[in-house]
Every structure is written in C-alpha cells, then in structure tokens.
Amino acid sequence: MRGEPQKRISPKALKVWKLHGVIQSAVLALAVAGVAVMTWFFEWPLWIAAAAVGVLLLFIYLMIFFLPTMRWKRWRYEVREQEIELQRGFIFVKRTLVPMVRVQHVDTVQGPLLKRYHLSTITISTAATVHEIPALDTGEADELRHSISMLARVAEDDV
C-alpha cells in the first residue's frame with residue numbers, strides 16, 4: 001500500500017484563502033451591524049447583538065486563521081503514470097484515485113484572486129465528475145495540465 005501523496009499546493013494559497021475569508025467576514029460584519037442597529041432601533045434585548053458579535057468573531061477566527069491553515073496542511077496530490085491521487089480534509093480525510101483512462105479533459109482555471117497571486121486551479125474531468133487541484137503556481141499548473149493530458153492519451157491508447 002502506498003503512503004499519502006507527497007506534493008503540496010502552493011504556500012501562496014494561504015494568502016488567497018485568508019483574503020477570501022476577510023471578504024466573507026466583511027459581508028457578515030455588515031449583517032451583524034444591521035442586527036446591532038435593529039437591536040437599538042427596536043429595543044431588542046442586548047444579548048441578540050452580543051450573540052451576533054460572538055458569531056462574527058468565531059467566523060473571523062475560523063475563516064481567516066484556522067481553516068485556511070488546516071486546508072493547506074492537508075491538501076496533497078500526486079500524478080502517477082496510471083492515476084492521479086488527491087487527498088484533502090482535516091476532520092474527514094478524503095483520498096481519491098482518478099485512473100488516467102477515465103480522464104476526459106484537463107483545464108486550468110484562474111479567478112481574480114488566484115490571478116493576483118499567479119496561481120491556477122487544475123480541473124480534471126471524468127465522465128462522472130470533476131476533480132480539482134487548487135492553487136498551484138501558474139507555471140506548475142500549466143506543466144501539470146500538459147503532463148496529465150499526455151498521460152491520459154497514453155492510457156487511452158493502451159485500452
């Protein structure tokens with residue numbers, strides 16, 4: 001039996017995921033501010049506003065500090081001649097093997113945050129689903145996309 005996959009995604013993924021957490025936290029902070037104003041305006045009990053602030057603080061901690069770090073530590077992948085192995089998750093660790101003969105096409109995706117940090121996500125499509133390897137350096141993602149594409153063609157020729 002093989003050990004866990006050895007390759008990690010880019011450390012710059014942490015910055016992107018933390019920035020995404022900041023954006024989400026800002027949206028939630030607006031909602032909490034709305035609850036605080038409504039608490040004052042409608043003379044609701046103060047515990048409602050206090051609970052909303054508590055939820056916001058917990059959300060900020062989870063989405064900016066805890067989850068991005070844990071996600072980065074656990075995300076691993078490895079591309080082999082016959083398969084692609086993906087590992088993710090920290091409470092429930094999910095390991096996926098994608099046989100090369102099942103790969104239909106491979107894409108790279110780059111949103112505005114990923115583009116700013118020169119990162120790309122690889123999407124691997126099979127007949128059943130789409131698998132992702134998130135936040136790779138763009139050059140590495142392009143090479144990996146090409147490599148998977150070539151290995152998938154060779155695997156199809158062997159069938």
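Values in this document were obtained by computation on a predicted structure and should not be read as measured data. Counting begins at 1 with the first residue of the sequence. Only heavy atoms go into these numbers, but all of them, side chains included; no hydrogens, no water, no symmetry mates.
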Does Trp72 reach the main-chain N or O of Ser10 with its side chain, forming a donor-acceptor pair under 3.5 Å? yes

Output yes when a side-chain donor or acceptor of Glu132 lies under 3.5 Å from a complementary backbone atom of Thr123, and no otherwise. no

Shortest non-hydrogen separation from Ala13 to Ala135 and the atoms involved: CB-CB, 3.3 Å

Closest non-hydrogen atom pair, Ile23 against Leu113: CD1-CD1, 4.4 Å

Quick one: do Arg145 and Asp107 make a salt bridge, cutoff under 4.0 Å? no

With a 4.5 Å cut-off on side-chain heavy atoms, are Lys7 and Ile133 touching? no

Can you tell me how far apart OG1 (Thr126) and CD (Gln104) are? Round to the nearest 0.5 Å. 6.5 Å

Just to verify, which of Asp137, Leu119, Leu14, Leu136 counts as forming a side-chain contact (heavy atoms from CB on, under 4.5 Å) with Ile9? Leu136

Is it true that, when you exclude Trp44 itself, more than 12 heavy atoms of the residues, nucleotides or ligands shown sit nearer than 6.0 Å to its CH2? yes

Do Lys12 side-chain atoms and Tyr117 backbone N/O form a donor-acceptor pair below 3.5 Å? yes

Within a radius of less than 6.0 Å around CG of Leu46, do more than 12 heavy atoms belonging to other residues, nucleotides or ligands occur? no

Joint cluster assignment, Leu19 & Ile64, ILVMFWY side-chain distance < 4.5 Å: no

May I ask whether Val22 and Val53 are part of the same hydrophobic cluster, defined by side-chain heavy atoms of I, L, V, M, F, W, Y residues being less than 4.5 angstrom apart, directly or through others? yes

What do the steps show when you test Val103 against Ile148 for side-chain contact (heavy atoms from CB on, under 4.5 Å), and what is the final call? CA-CA 9 Å; Val103 174; Ile148 292 170; 4.3 Å; yes

Flag yes if Leu28 and Leu30 sit in one hydrophobic cluster, no otherwise; membership is Ile, Leu, Val, Met, Phe, Trp, Tyr, and two members link when side-chain heavy atoms are under 4.5 Å apart. no

Non-hydrogen side-chain atoms of Thr121 and Leu114 separated by less than 4.5 Å: yes

Do Gln6 and Tyr77 make a side-chain contact, defined as non-hydrogen atoms from C-beta onward lying under 4.5 Å apart? no

Run the side-chain donor-acceptor check on residues 83-94: report pairs under 3.5 Å with partners two or more places apart or on a different chain.
| unit_1 | atom_1 | unit_2 | atom_2 | d |
| --- | --- | --- | --- | --- |
| Glu83 | OE2 | Arg2 | NH1 | 2.4 |
| Glu83 | OE2 | Arg80 | NH1 | 3.1 |
| Glu85 | OE1 | Arg80 | NH1 | 2.9 |
| Glu85 | OE1 | Arg80 | NH2 | 2.8 |
| Glu85 | OE2 | Arg95 | NE | 3.1 |
| Glu85 | OE2 | Arg95 | NH2 | 2.5 |
| Gln87 | NE2 | Glu4 | OE1 | 3.3 |
| Arg88 | NH2 | Thr96 | OG1 | 3.2 |

Crowding at NZ, Lys15 (>12 non-hydrogen neighbours, <6.0 Å): no

Nearest 0.5 Å, please: how far is CE in Met63 from CG in Leu58? 11.0 Å

With a 4.5 Å cut-off on side-chain heavy atoms, are His131 and Thr129 touching? yes

Using a 6.0 Å cut-off, check whether atom CZ of Arg102 has over 12 heavy atoms from anything other than its own residue. no

Is it possible for you to say whether Phe59 and Met70 belong to one hydrophobic cluster, with membership spreading through side-chain heavy-atom contacts below 4.5 Å? yes

Is it true that Val37 and Val35 fall in one hydrophobic cluster, defined by side-chain heavy atoms closer than 4.5 Å? no

Using the test side-chain hydrogen bond (donor to acceptor under 3.5 Å, both in side chains), find all partners of Ser147 that sit at least two apart in sequence or belong to another chain. none

Are Asp142 and His146 side-chain neighbours, meaning at least one heavy-atom pair lies under 4.5 Å? no

Think Arg71 forms a cation-pi with Trp17, using NZ or CZ under 6.0 Å from the six-ring centre and within 45 degrees of its axis? yes

side-chain contact (heavy atoms from CB on, under 4.5 Å), that's the test. Do Thr69 and Lys18 meet it? Break it down for me. CA-CA 9 Å; Thr69 303; Lys18 286 180 179 189; 4.3 Å; yes

Thr108 and Ser120 have their tightest heavy-atom pair at CB-CB, 4.4 Å

Under 3.5 Å, is there a donor-acceptor pair linking the side chains of Thr138 and Gln110? yes

For the student: nearest non-hydrogen atoms of Ile122 and Ala141, plus distance: CD1-O, 3.5 Å

Given Leu62, Ile60, Val32, the one that forms side-chain contact (heavy atoms from CB on, under 4.5 Å) with Ser25: Ile60

Please report the interatomic distance CD(Glu78) to CZ(Arg8), rounded to the nearest 0.5 Å. 13.0 Å

